[in-house]
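Because only heavy atoms are used, hydrogens play no part in the values below, and waters and symmetry mates are left out as well, while side chains stay in. Read the numbers this way: they start at 1 and go in the same order the structure lists the ligands and their atoms.
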Amino acid sequence: MGYQPHYLTEVRTAQANAYAPYSNFKVGAYLRTKDGKAFHGANVENAAYPMAICAERSSLVSAISEGYKPGDFESITITVDADKPSSPCGACRQFMKELCDDDMPVYMTNQNGDLIESTVGDLLPLGFSGKDLN
Ligand code: THU
């Protein structure tokens with residue numbers, strides 16, 4: 001189906017809930033499941049800075065907590081307020097590698113509606129996964 005314009009509305013709504021008093025860099029994530037449900041995530045920071053949780057991981061933790069399983073996800077859309085959409089951090093790439101299909105689309109957006117499209121596999125080439133533990 002590919003990226004739809006309403007994904008931007010959804011992800012910008014998620015971003016509005018970000019708790020980012022330290023960086024002032026608000027991030028939103030809109031995770032869609034293959035069975036048509038949506039999970040929203042936002043970054044949640046802490047005075048102990050390294051404890052911050054990214055928007056992408058927030059949305060995935062929410063979905064798994066509600067009973068969704070690895071491979072159940074259709075796409076993730078991320079948004080930031082910046083000239084150029086930013087891409088997920090290394091920890092979130094590894095998290096997506098664990099829970100999402102390698103060919104799952106990752107849509108990166110900003111307040112202008114600029115769009116960069118990639119996939120979980122392309123964002124983490126030669127990534128480590130459970131298959132490597134055999
Ligand atoms: N952040 C995300 O939520 N997702 C990313 O992919 C990159 C960074 C958050 C973490 C922190 O709260 C703020 O952005 C600045 O790094």
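Neither Val27 nor Ile53 shares a network with the other; the hydrophobic side chains, linked directly or stepwise wherever heavy atoms of I, L, V, M, F, W or Y lie under 4.5 Å apart, form separate groups for each. Ile76 and Phe39 fall within the same hydrophobic cluster, where Ile, Leu, Val, Met, Phe, Trp and Tyr residues are linked whenever their side-chain heavy atoms come under 4.5 Å apart, directly or through other members. The same ILVMFWY cluster, assembled from side-chain heavy atoms under 4.5 Å apart, contains both Met1 and Val11. No continuous path of ILVMFWY side-chain contacts below 4.5 Å connects Leu123 to Tyr7, so the two sit in separate hydrophobic clusters.
Under a 4.0 Å criterion applied to the non-hydrogen atoms of Pro88, ligand 1 contributes the atoms 6 (O). Ligand-side atoms of ligand 1 in range of Ser23: 13 (C), 15 (C), range being under 4.0 angstrom from any heavy atom. Which parts of ligand 1 touch Cys89 is read off a 4.0 Å heavy-atom cut-off, strictly below it: atoms 6 (O).
Across Glu45, Lys26, Glu56, heavy-atom proximity to atom 11 (C) of ligand 1 is greatest for Glu45.
Regarding atom 10 (C) of ligand 1, its nearest protein heavy-atom neighbour is Cys54 SG, 4.0 Å.
The closest side-chain donor-acceptor pair between Arg32 and Thr77, if any, does not fall under 3.5 angstrom.
Between Phe73 and Tyr68, the two ring planes are tilted [angle within 30° to 60°].
Taking any N or O of Ile53, backbone or side chain, none lies under 3.5 Å from an N or O belonging to ligand 1. An N or O contact shorter than 3.5 Å is missing between Val27 and ligand 1 by distance.
Remark: distances from the non-hydrogen atoms of Cys92 to ligand 1 are all 4.0 Å or more.
Inside a 4.0 Å radius of atom 14 (O) of ligand 1 there is at least one protein heavy atom.
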